[in-house]
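Have a look at the structure below before the remarks.
Everything numeric here is computed off the predicted structure, so don't read it as measured data. Order of the sequence lines fixes the chain letters, A, B, ..., with proteins taken first and strands second; residue numbering starts at 1 for each chain.
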Amino acid sequence: MELPKNYSPQETEKKIYKKWEESGYFNPDRMIQDAIIPSDAPAFSLVLPPPNVTGTLHIGHGIMLAIEDTFVRFYRMRGYKALWIPGTDHAAIATQSKVEKELYKKEKKTRHDVGRDEFIKMVEEFAQNSKNTILSQVREMGSSVDWSRQAYTLDKQRSSAVVVAFKKMYEDKLIYRGGRIVHWDPKMQTTISDDEIEWVEEKTPLYYLKFGDFTISTARPETKFGDKYIVVHPDDKRYEHYKHKQAIEVEWINGTITATVIKDESIDMEFGTGAMTITPWHDSTDFAIAERHDLDREQVIDEYGKILPIAQEFQGMSIKKARPLIVQKLKEKGLLEKIDENYTHRIATNSRGGGIIEPQIRTQWWVDVSKQFTLQNSNLQGIPSGSQTTLKEIMKQSVKTGQITLYPDRFKKTYFHWIDNLQDWNISRQLWYGHRVPVWYKGEKIAVGAEPPEKDEWEQDPDTLDTWFSSGLWTFSTMGWNGQQTDEMKQYHPTTLMETGYDILFFWVARMILMSGYLLGEVPFENVYLHGLVRDEQGRKMSKSLNNIIDPRDLIKKYGADATRMALLAGNPAGNDTSLSEEKVKGYKHYANKLWNITRFILMQTEDYEMSTTEPDLTSNDRAILQSIERLETKIAKHIQNYQLHLAIEDLYQFTWREFADKMLEDSKPLLQDDTTKTSRQYTLTNALIRLLVLHHPFMPFITETLWHHIPDTQGLLMTHQNK
RNA sequence: GGGCGGUUAGCUCAGCUGGCUAGAGCGCUUCGUUUACACCGAAGAGGUCACAGGUUCGAGUCCUGUACCGCCCACCA
């Protein structure tokens with residue numbers, strides 16, 4: 001079969017993928033069945049970070065798939081039972097908000113207009129479409145995932161794992177229900193967790209208000225109606241004539257009130273006048289002060305962001321509308337002392353939907369990360385079975401003891417810092433799409449489980465769970481966990497590798513460590529490879545507004561999946577952001593073509609050569625070539641095992657093009673004309689080529705597999721070719 | 001306010017535990033219609049490795065400090 005002059009990926013990639021998939025060898029069990037690897041082969045396992053079903057994959061997913069597939073293919077060819085489990089994430093808030101937006105755009109309706117059941121149907125339909133797109137994109141990238149094990153965070157199996165996990169935590173009193181200050185998004189009508197907040201800075205006037213003998217400042221005058229505590233530092237000389245909890249009469253916005261002086265050490269004496277009033281219902285700092293001194297809390301703003309009757313004539317107004325009017329009134333009453341126009345205020349927004357967060361006190365479900373409990377069966381170092389520990393401690397020890405290694409190592413510091421500051425995890429959401437909180441109420445009675453204790457009169461909690469609750473179980477819920485260890489888990493858990501973006505180290509990686517440590521007494525994975533952001537050629541983030549988003553599908557169409565993968569991996573060590581340009585991808589398409597023509601040349605030069613099982617007498621030059629290949633193999637393997645794919649690519653590229661093609665092949669031309677050197681060289685080139693294809697396969701699976709089948713001396717799939 | 005990165009050729013970036021006469025890709029210059037490839041080959045230009053000190057026989061590589069740039073965390077009203 002004659003090779004065409006140039007490689008065209010478009011024609012071959014789909015066919016090749018189909019061949020792989022139909023072979024069944026993405027599933028390591030089949031490799032064992034067919035005796036390609038022994039049944040006691042060591043495991044190399046990882047689970048795909050499930051992409052959100054919010055649309056299509058972007059280039060960031062591209063890098064994830066490229067890295068993971070490279071590792072899986074490398075280990076599959078090295079005799080491991082390599083398992084890569086695919087799946088998708090329902091991404092509760094993200095998916096729901098996407099569908100809500102569309103619904104409003106198309107029909108000017110909200111989710112309440114269509115109702116819970118109907119709305120969920122719509123979301124599910126949307127999710128299904130996304131899933132289809134995503135899964136075909138995963139194929140296009142060449143990902144050798146085991147499709148027979150595909151999972152979805154909201155499918156039946158995973159949902160039942162969620163209930164089991166919730167129930168156990170509830171019974172251990174690690175999950176509790178409580179009224180605390182939460183991040184409330186009035187737009188989406190739900191709470192979100194600390195980690196979902198995105199802070200934006202905004203220039204807001206800072207108002208200095210007269211509060212009795214004090215001067216206080218605020219950027220949010222609309223919240224001040226209920227303020228009746230004035231807080232100063234206990235050591236502040238200016239206020240030493242006031243006693244803690246002393247009552248004072250103050251003329252305030254809506255008349256004279258009785259206020260109380262509170263002394264608390266959290267006050268910064270340097271800021272303003274060193275005195276502030278507090279609004280515990282709508283500010284977490286203030287809430288903490290109120291908790292410490294057991295103070296009253298009063299709600300001023302409702303769930304929709306409207307002002308409550310406490311504000312008298314302003315009631316029912318939106319914050320935006322009320323603020324200038326309130327400022328006007330303060331001014332008229334002589335309470336406004338001055339305005340600082342150059343103040344920068346930090347505003348909390350919902351990173352998943354953009355709404356401005358209004359802190360509120362609400363009753364929610366929480367995971368207590370600091371509570372002591374007994375860990376029964378533990379394989380965690382530093383936490384023996386039956387000992388008392390906390391979820392925080394589990395998260396900390398798993399990394400500290402080296403049971404989990406992070407690549408790059410420096411993320412350990414951020415990780416520990418995050419744990420040290422960690423507060424209880426708010427896991428309930430007032431969303432409709434997601435795992436419904438498995439709690440049932442009947443009057444004062446409460447029951448936990450997938451089903452109510454009796455058919456009648458029990459009502460389920462209306463809230464759903466934070467999407468990260470279910471993704472925290474991902475490494476073992478994908479292996480059929482339902483409260484018991486499964487055969488799958490025996491073989492593949494803890495997984496060898498978790499590969500994901502550093503931006504979800506806290507969201508996800510930490511939660512998996514928490515869940516696995518708590519529920520299984522073991523780590524979810526042994527190694528964590530964190531990749532960075534993909535930026536454009538100028539190093540800018542990709543965004544819709546900059547119109548610089550690169551769709552992996554476009555790159556694949558134009559340059560092929562192999563070139564796309566290489567461009568994403570080359571020069572990109574773990575933890576670093578990388579910038580991607582079309583030029584870079586094009587460069588690797590040329591490289592693919594080079595590889596193609598290297599093969600073409602060798603095939604043309606060895607048409608009359610029969611590969612013998614025994615090595616012929618080799619010239620010293622030829623022995624040197626094969627030795628250099630051997631050195632290359634050693635280096636590449638070392639780099640991959642050290643999680644340094646970029647170094648592997650660099651060496652591969654340099655050797656293949658600059659050494660092998662430019663020098664060795666050029667030198668071969670006369671040698672192949674000479675009968676004394678011909679056979680030796682033919683053997684050497686064929687042998688070298690086969691080994692080069694093997695080395696390239698994890699990075700460039702399509703082209704290498706294609707070429708493999710053009711070489712007369714090869715058998716079977718390159719994908720499953722056992723290299724040592 | 002705390003922490004973490006970065007600053008190396010025009011551009012994008014490698015450079016592990018110190019030995020580099022400092023590398024790659026793209027771009028640039030000159031040459032080449034060689035029957036594997038012009039998605040190519042040959043030759044070449046281009047860097048006081050941010051700055052200032054220090055350790056060392058020897059420093060992009062280690063230490064201290066400075067300046068920018070980026071990111072993360074944090075209850076300064």
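Partners of A:Phe287 under the ring-ring contact (aromatic ring centres under 6.0 Å, His included) rule, at least two apart in sequence or in another chain, do not exist in this structure. Listed by chain and residue number, nothing satisfies the side-chain contact (heavy atoms from CB on, under 4.5 Å) test with A:Asp294 (two or more places apart in sequence, or in another chain).
Here B:G25 presents its C1' atom at 15 Å from CG of A:Leu569, a figure rounded to the nearest Å. Rounded to whole Å, the distance from NE2 on A:His417 to P on B:G5 is 14 Å. Here the P atom of nucleotide B:C72 and the CG atom of A:Asp420 are 20 Å apart, to the nearest Å. Between the CD1 atom of A:Ile181 and the P atom of B:C75 there is a distance of 12 Å, rounded to whole Å. The CZ-P distance, from A:Phe271 to B:A74, rounds to 20 Å in whole Å. Between the CG atom of A:Leu652 and the C1' atom of B:G25 there is a distance of 15 Å, rounded to whole Å. Distance, A:Ile230 CD1 to B:A77 P: 16 Å, rounded to whole Å. Look at CZ on A:Phe506: it is 11 Å from C1' on B:C71, rounded to the nearest Å.
Annotation: of the two residues near RNA chain B, A:Asn421 and A:Gly274, the 5′-most nearest-nucleotide partner is A:Asn421. When the nearest nucleotides of RNA chain B are assigned to A:Thr277 and A:Gln654 by heavy-atom distance, the more 5′-ward of the two goes with A:Gln654.
Relative to the six-membered ring of A:Tyr591, A:Arg658 misses at least one condition, a distance below 6.0 Å or an angle of at most 45° to the axis. A:Tyr559 does not carry A:Lys589 over the face of its six-membered ring by the limits of under 6.0 Å from the centre and within 45° of the normal. Judged by a 6.0 Å distance limit and a 45° cone about the ring axis, A:Arg297 is not positioned over the six-membered ring of A:Trp281.
Of the possible polar contacts, one joining the A:Asn597 side chain to the A:Asn593 backbone as a donor-acceptor pair under 3.5 Å is found. Formation of a donor-acceptor pair under 3.5 Å by the A:Ser217 side chain with backbone atoms of A:Leu206 is not found in this model. Looking at A:Asn421, its side chain does come within 3.5 Å of a backbone N or O of A:His417 through a donor-acceptor pair. Of the possible donor and acceptor atoms, none in the side chain of A:Asp554 sits under 3.5 Å from a partner among the backbone N and O of A:Lys558. Using a distance-only test at 3.5 Å, with no hydrogens or angles considered, no donor-acceptor pair links the side chain of A:Trp708 to the main chain of A:Ile703.
As judged by a 4.0 angstrom heavy-atom cut-off over every strand, A:Tyr653 is placed among residues touching the sugar-phosphate backbone only.
Nucleotides B:G27 and B:G44 place their C1' atoms 14 Å apart, quoted to the nearest Å. As rounded to the nearest Å, B:A22 and B:A14 have C1' atoms that lie 12 Å from one another. Rounded to a whole angstrom, the distance from the P atom of B:C20 to that of B:U61 is 15 Å. The gap from the C1' atom of B:G47 to that of B:U7 amounts to 14 Å, rounded to the nearest Å. The separation of B:U30 from B:G18, taken at their P atoms, amounts to 44 Å, rounded to a whole angstrom. With P as the reference atom, B:C62 and B:C16 are 8 Å apart, rounded to whole Å. Only the P atoms considered, B:U66 is 12 Å distant from B:G2, to the nearest whole Å. When the P atom is used for both B:A59 and B:A52, the distance is 15 Å, rounded to whole Å.
Proximity of A:Tyr343 to the phosphate of B:A77: a side-chain N or O atom is located under 4.0 Å from OP1 or OP2.
Side-chain polar atoms of A:Asp264 and A:His233 form no donor-acceptor pair below 3.5 angstrom.
Between A:Tyr407 and A:Leu530 there is no side-chain heavy-atom pair separated by less than 4.5 Å. A heavy-atom distance below 4.5 Å is not found between the side chains of A:Gln673 and A:Leu671.
For RNA chain B, the stems formed by at least three consecutive Watson-Crick or G-U pairs, with both atom-pair distances below 3.5 Å, span B:1-7 with B:67-73, B:10-13 with B:23-26, B:28-32 with B:40-44, B:50-54 with B:62-66.
Shown here, B:G44 is classed anti by the O4'-C1'-N9-C4 or O4'-C1'-N1-C2 angle, which is more than 90° from 0.
The existence of a salt bridge linking A:Lys669 and A:Glu666 is confirmed by a sub-4.0 Å separation between a basic side-chain nitrogen and an acidic carboxylate oxygen. Ion pair A:Arg238/A:Asp213 not flagged as a salt bridge, since none of the NZ, NE, NH1 or NH2 atoms sits closer than 4.0 Å to an Asp/Glu carboxylate oxygen.
Residues of residues 219-227 of chain A that place a heavy atom closer than 4.0 Å to RNA chain B do not occur.
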- request: Any chance you could list the contact pattern along nucleotides 29-44 of chain B? Use B for base contacts, S for sugar-phosphate-only contacts and - for none, protein heavy atoms under 4.0 Å, 5' to 3'.
  value: -------BBSBSSS--
message: Strictly under 4.0 angstrom, non-hydrogen atoms only: write out the protein contact profile of nucleotides 9-20 of chain B, one letter per nucleotide from the 5' end, B, S or -.
response: ---SSSS-----
